[in-house]
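Structure first, commentary second.
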Amino acid sequence: MTTTEELIAQINRGLDDIRIHTNRLFENFDPRYLAFNLNRNLMVLRGMEDELSRRVGESRMYVRSVGKKERDPHIRRIFLRNHYRMLTLERLRTAITAHKIALATIDSHYTFYKRKKEVDIKNVTNKRDLEKLKVAEKSIKLGRLEVLPHLAYSGDVLKILSQQDNKVRDTFKEIKSKLKEKGQIRKKGIRIEVEYWQEGRLKKERLDFPIEADIDSELRKRFGRKYRWRVLSYVKTKGVLITSHYTVDNIALAYASTYPKKGVEALALDFFRYYYLTSEKERESIGLYPQIKPCINCHYSIFDTPFMNEPEFRTGFGSMLIIKKCEIEGLLSGRRSEISNIPNYLLGGVILYGVSSFDERKVSNLLQIDETELKDAIEKFVLSGLHISLFEDVGKFEKFMPKSDKAKQFLELLQG
């Protein structure tokens with residue numbers, strides 16, 4: 001049986017080999033061979049991760065400042081050994097996440113067939129069957145294939161980043177800061193506590209103001225010049241969008257390397273399409289962005305990036321569109337059978353059309369779906385009568401109302 005140090009050396013050699021071998025795979029891009037190699041690597045890496053985590057555990061004993069009583073070289077050697085073990089485990093898990101993201105991205109772009117039977121990408125593991133596999137592109141794609149060569153398949157995020165120029169590093173930092181940012185729930189008002197003097201006594205009072213109010217001028221009118229105030233409640237924070245730092249590192253590295261100047265915009269648009277083209281149930285199984293929230297209920301600034309130039313833009317614009325999408329998905333629970341002839345990606349287009357001021361062309365361009373298919377889906381949605389109970393602006397749907405008298409009567413019966 002190998003020692004832990006021998007296992008770590010074996011893991012690092014294996015990850016170095018993966019880095020060299022994976023770079024060659026993208027020179028002649030073939031989804032079949034790429035999927036086969038990624039699956040093979042993933043199986044080996046998972047075995048290594050299971051063995052190393054069993055031996056190391058989850059204790060995070062890193063090198064720290066050593067006091068006078070702890071200057072014993074033996075104690076320091078123990079800290080260094082544990083530190084090195086945990087770094088190897090982190091590198092291994094980063095590499096595993098990179099392989100998962102790559103496989104999910106390929107799966108969202110291509111369908112694999114053996115004869116006429118569809119083959120799950122996870123089952124592309126037999127090298128002899130690769131020539132028998134046929135590959136067909138999907139009409140609706142999630143993620144971007146061009147970012148795949150830049151994922152950290154060897155787990156060396158910082159080493160890869162050190163070989164890039166300053167633009168890539170700056171974009172990496174920007175993306176990472178956005179993804180580590182906690183979501184915010186902004187209230188319509190702000191509650192403050194005021195301390196002021198009245199008849200020689202210090203008194204306290206709690207007041208509510210709108211967010212846009214000029215608080216100082218309002219308090220000056222009411223209490224004069226001798227007062228002080230503090231905020232009691234203003235902004236509540238929620239968790240981060242992606243809870244896995246392995247996913248954050250891989251995505252930030254891939255998008256920064258592919259788009260050194262517009263990495264944030266590209267990633268934000270992909271996230272937005274991801275939420276609108278899929279259902280909540282689909283998002284739980286896709287695995288394109290491991291440990292991303294299946295739905296959001298607060299504001300994340302990254303979602304505002306694609307909409308900065310919109311005339312009606314305000315802070316939280318992009319997040320509100322996704323929040324409304326998630327809310328409508330909840331309202332449609334149990335009623336999906338009424339519009340079963342509308343696939344999820346087109347339903348997302350219908351919802352975006354209903355909750356925003358965008359026209360059909362804008363929606364189709366933003367989500368990259370066919371405009372004719374979108375219009376047909378809106379017409380089917382109108383026939384179901386659901387638009388009346390789900391959307392505030394029903395006037396947008398008037399041009400999709402049926403024109404014949406019989407159809408109008410049928411629609412009136414549906415709507416009660």
Side-chain angles (χ1 to χ4, degrees), residues 22 26 29 31 34-35 37-39 41-42 45-46 93-112 118-124 135-153 157 175-176 178-180 240-259 263-296 300 302-303 305-306 318 322 325-326 329 343-345 347-349 352 366-369:
T22 307
F26 292 100
F29 186 86
L34 190 56
N37 281 280
L38 290 172
N39 276 319
N41 291 346
L42 188 58
L45 292 173
R46 278 175 169 164
R93 288 172 175 171
T94 302
I96 289 172
T97 304
H99 282 75
K100 288 180 179 179
I101 293 172
L103 284 168
T105 304
I106 295 169
D107 188 40
S108 69
H109 280 73
Y110 299 101
T111 305
F112 296 85
E118 187 174 332
V119 178
D120 193 315
I121 193 171
K122 295 178 182 178
N123 297 327
V124 183
V135 180
E137 286 194 32
K138 292 183 177 179
S139 56
I140 300 299
K141 303 177 178 66
L142 299 173
R144 302 184 188 227
L145 290 175
E146 55 265 33
V147 307
L148 294 188
H150 303 289
L151 290 168
Y153 298 103
V157 175
I175 293 174
K176 197 166 179 179
K178 292 281 187 184
L179 295 181
K180 290 173 70 177
V240 293
L241 182 64
I242 299 176
T243 56
S244 168
H245 70 272
Y246 308 111
T247 304
V248 170
D249 286 346
N250 271 291
I251 289 177
L253 177 65
Y255 277 82
S257 302
T258 311
Y259 310 102
V264 177
E265 291 85 345
L267 179 59
L269 190 56
D270 286 350
F271 278 166
F272 188 82
R273 294 185 66 250
Y274 168 78
Y275 279 106
Y276 259 92
L277 295 178
T278 59
S279 66
E280 185 176 357
K281 189 175 181 180
E282 287 175 329
R283 291 192 288 275
E284 291 174 354
S285 59
I286 287 175
L288 190 62
Y289 309 111
Q291 294 187 37
I292 192 173
K293 285 191 172 184
C295 277
I296 67 169
Y300 293 96
I302 191 170
F303 293 122
T305 311
I322 299 176
K325 165 70 159 54
C326 294
E329 282 179 346
N344 286 326
Y345 71 92
L347 180 60
L352 182 57
L366 191 61
L367 300 182
Q368 296 177 23
I369 56 180

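On a predicted model such as this, the values are computed, not experimentally measured, just so you know. The figures that follow rest on heavy atoms only: side chains count, while hydrogens, waters and symmetry mates do not.
- Put simply, the side chain of K138 gets close to the backbone of D107: a donor and an acceptor are under 3.5 Å apart.
- In this structure the side chain of T305 never reaches within 4.5 angstrom of the side chain of F272, judged on heavy atoms.
- Side-chain atoms of Y255 and D270 form a donor-acceptor pair, as typed in the model, at a separation below 3.5 Å.
- Checked by atom type and distance alone, the side chain of R283 pairs as donor or acceptor with a backbone atom of Y275 at under 3.5 Å.
- Checking E146 against Y259 by side-chain atom types alone, a donor-acceptor pair falls below 3.5 Å.
- Nearest approach of S108 to L142, heavy atoms of both residues: OG-O, 2.7 Å.
- Looking only at side-chain heavy atoms (C-beta outward), I140 and I369 come within less than 4.5 Å of each other.
- In this structure, V147 and T105 have side chains that are not in contact, with every pair of non-hydrogen atoms separated by 4.5 Å or more.
- With respect to K178, the side-chain contact (heavy atoms from CB on, under 4.5 Å) criterion is satisfied by exactly one of V248, L241, I302, L267: I302.
- Two residues are said to be in side-chain contact when any heavy atoms from C-beta on lie closer than 4.5 Å; F112 and E118 fail this criterion.
- Side-chain N or O atoms of N39 include none that pairs as donor or acceptor with a backbone N or O of N123 at under 3.5 Å.
- Between Y153 and H99, the angle of the ring planes goes over 60°, which puts this pair in the perpendicular group of the 30/60° scheme.
- Without hydrogens or angle criteria, S279 side chain to N344 main chain gives no donor-acceptor distance under 3.5 Å.
- Distance alone, capped at 3.5 Å, places no donor-acceptor pair between the S257 side chain and the A254 backbone.
- Not a single donor-acceptor pair under 3.5 Å links the side chain of N250 to the backbone N or O of L151.
- Between Y274 and I292 the shortest side-chain heavy-atom distance falls below 4.5 Å.
- A donor atom on one side chain and an acceptor atom on the other are not found under 3.5 Å apart for Y246 and K100.
- At a threshold of 4.5 Å between non-hydrogen side-chain atoms, the residues L179 and F271 count as touching.
- Under the 3.5 Å distance criterion, the side-chain polar atoms of R273 are matched with a main-chain donor or acceptor of K141.
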